Amino acid sequence: MTVQIDLSDKTALVMGVANARSLGWAIAEQLLSAGCRVGFSYQGERLKSELDKLLTGREGVWAQQADATSEADLTALFARVKEEFGHLDYLIHSIAFAPRTAMDGRFLDTTEADWNTALNVSAYTLVSTARHAEPLLRPGASIVSLTYHASQKVVPKYNVMGVAKAALEATTRYLASEMGAAGVRVNTISAGPMRTIAARSIPGFGSMFEKAAEAAPLGRNATPDEVGKLALFLLSDLGSGVTGQTVYVDAGSSIMAMKIEQPS
Ligand code: NAD
């Protein structure tokens, strides 16, 4: 289903598209179909060809390499945003990473280095990108990131990434509180499990995916397309009164304490 909304006078930066399955791409597709001009950043040259494939033949799009943990890359990226658009309406942060060693073992054994990497890439970069974006954001601008329910409840093996997502959600509230005066809204989308590259690095993701679908009131998992539609709502004027929130799109699975088979 396509949502009818005209964003042809809006500009967006989407950070974190690795391929067509990326949640960042699902959000970009909604923005592009609404006529928004969209710039993209990708982590490293290895990912450039995938993004190039997605952008071929589209007008008004551009892409630049930027590691979100590099101040120099962020400075260059937002200089490009200024050069291309002059201002920015929507910032999409769709970035997370934790070293495999931090998710394979016990949470108790998390090393300081792995902790710092996970929290830096997955949470601090929301602060740093918002700060770089700030001078370009117009009143009515909106920032959206992606989180997961393991911030609130224990999901085995999600480990330090659960802590990073809790930090991201708290960061969303602090940024919203400070940026509201300038008319800027900040929200995070808590998505259910979806088959992406990042998801593949979570040990036991397959059974997590099945269990979430079984538990969900809708009897299935939410889809990337549904993440895109929620993002469109939160970014655009449709969500004009919403800020500082963690908004779920998970087919309801997070509301269930347990699933009990009912006798037929
Ligand atoms: P993905 O692998 O397609 O996207 C993750 C992106 O993060 C990649 O493009 C990667 O290059 C980028 N990234 C990692 N480190 C970076 C760095 N230092 N600098 C710049 N970019 C960096 O996977 P995805 O599932 O689309 O992940 C996007 C977001 O959605 C993440 O925040 C993830 O935690 C969140 N999320 C995913 C799920 C899921 O089940 N897939 C569920 C809830 C939330």
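Keep in mind it's a predicted model, so treat the numbers as computed, not measured.
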Check ion pair E178-R131 (N to O, under 4.0 angstrom)
no
Between K48 and E45, does any side-chain N to carboxylate O distance fall below 4.0 Å?
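Salt bridge absent between K48 and E45.
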Within a reach of under 6.0 Å around [atom1] of [X], are more than 12 heavy atoms found that belong to other residues, nucleotides or ligands?
{"X": "E59", "atom1": "CD", "answer": "no"}
{"X": "K259", "atom1": "NZ", "answer": "yes"}
{"X": "R80", "atom1": "CZ", "answer": "yes"}

Should [X] and [Y] count as side-chain neighbours, where that means a heavy-atom distance under 4.5 Å?
{"X": "S190", "Y": "V249", "value": "no"}
{"X": "V155", "Y": "H149", "value": "no"}
{"X": "F205", "Y": "Y158", "value": "no"}
{"X": "T223", "Y": "M194", "value": "no"}
{"X": "S128", "Y": "E71", "value": "yes"}
{"X": "W25", "Y": "R21", "value": "no"}
{"X": "K82", "Y": "L88", "value": "no"}

Side chain to side chain contact (heavy atoms under 4.5 Å, CB included), that's the test. Do N159 and R106 meet it? Break it down for me.
CA-CA 8 Å; N159 292 4; R106 302 188 308 164; 5.9 Å; no
Step by step, work out the side chain to side chain contact (heavy atoms under 4.5 Å, CB included) result for T117 and F97.
CA-CA 8 Å; T117 299; F97 175 74; 3.8 Å; yes
Intermediate values then yes/no, salt bridge (charged side-chain N to carboxylate O under 4.0 Å, His left out), E226 and K229:
CA-CA 5 Å; E226 289 169 329; K229 288 189 289 187; 5.3 Å; no
Kindly determine whether R58 and L32 satisfy side chain to side chain contact (heavy atoms under 4.5 Å, CB included), including the steps that lead there.
CA-CA 9 Å; R58 293 178 187 270; L32 289 165; 3.7 Å; yes
Can you tell me how far [atom2] of [Y] sits from [atom1] of [X], rounded to the nearest 0.5 angstrom?
{"X": "L232", "Y": "L7", "atom1": "CG", "atom2": "CG", "answer": "6.0 Å"}
{"X": "R185", "Y": "L137", "atom1": "CZ", "atom2": "CG", "answer": "12.0 Å"}
{"X": "M161", "Y": "L119", "atom1": "CE", "atom2": "CG", "answer": "9.5 Å"}
{"X": "L77", "Y": "Q65", "atom1": "CG", "atom2": "CD", "answer": "9.5 Å"}
{"X": "D109", "Y": "T101", "atom1": "CG", "atom2": "OG1", "answer": "10.5 Å"}
{"X": "W62", "Y": "E83", "atom1": "CH2", "atom2": "CD", "answer": "9.0 Å"}

Quick check: closest heavy atoms across [X] and [Y], and the distance to 0.1 Å?
{"X": "N221", "Y": "A212", "answer": "OD1-CB, 3.4 Å"}
{"X": "L13", "Y": "S41", "answer": "CD1-N, 4.3 Å"}
{"X": "Y148", "Y": "A191", "answer": "CD1-O, 3.3 Å"}
{"X": "D104", "Y": "P203", "answer": "OD1-CG, 3.5 Å"}
{"X": "Y42", "Y": "L51", "answer": "CD2-CD2, 3.7 Å"}
{"X": "L54", "Y": "V17", "answer": "CD1-CG1, 3.9 Å"}

Between [X] and [Y]: side-chain donor-acceptor atoms closer than 3.5 Å:
{"X": "T69", "Y": "N120", "result": "no"}
{"X": "D225", "Y": "Q30", "result": "yes"}
{"X": "S22", "Y": "T196", "result": "no"}
{"X": "S254", "Y": "D250", "result": "yes"}

Ignoring hydrogens and angles, tell me if any N or O in the side chain of [X] forms a donor-acceptor pair with the backbone of [Y] under 3.5 Å.
{"X": "N187", "Y": "G244", "value": "yes"}
{"X": "K157", "Y": "I202", "value": "no"}
{"X": "R37", "Y": "T11", "value": "no"}
{"X": "S142", "Y": "S236", "value": "no"}
{"X": "R100", "Y": "S201", "value": "yes"}

Could you go through T246 and T188, starting from their C-alpha distance and side-chain angles, then the distance that decides it, and tell me whether this counts as side-chain hydrogen bond (donor to acceptor under 3.5 Å, both in side chains)?
CA-CA 5 Å; T246 299; T188 188; 5.6 Å; no
Listing request: all salt bridge (Lys or Arg N to Asp or Glu O under 4.0 Å) pairs with a residue in residues 137-147, at least two apart in sequence or in separate chains.
D89-R138
List, one per line, each side-chain donor-acceptor pair under 3.5 Å for residues 162-173, sequence neighbours excluded.
from : atom 1 : to   : atom 2 : distance (Å)
K165 : NZ     : L146 : O      : 2.9
E169 : OE1    : S151 : OG     : 3.0
E169 : OE1    : Q152 : NE2    : 2.6
E169 : OE2    : T147 : OG1    : 2.6
E169 : OE2    : S151 : OG     : 2.7
T171 : OG1    : A167 : O      : 2.7
T172 : OG1    : L168 : O      : 2.8

Would [X] and [Y] show up in the same hydrophobic cluster when neighbours are defined by side-chain heavy atoms closer than 4.5 Å?
{"X": "L126", "Y": "L23", "result": "no"}
{"X": "I5", "Y": "V227", "result": "yes"}
{"X": "L91", "Y": "L230", "result": "no"}
{"X": "L74", "Y": "V81", "result": "yes"}
{"X": "V14", "Y": "I95", "result": "no"}

Is the Lys NZ or Arg CZ of R195 less than 6.0 Å from the centre of F209's six-membered ring, within 45° of the axis?
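Cation-pi check for R195 and F209: passes.
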Evaluate the criterion side chain to side chain contact (heavy atoms under 4.5 Å, CB included) for residue pair L235 and L31; output intermediate values, then yes/no.
CA-CA 9 Å; L235 290 166; L31 292 170; 4.0 Å; yes
Is the H132 ring parallel, tilted or perpendicular to the F78 ring (thresholds 30°, 60°)?
parallel
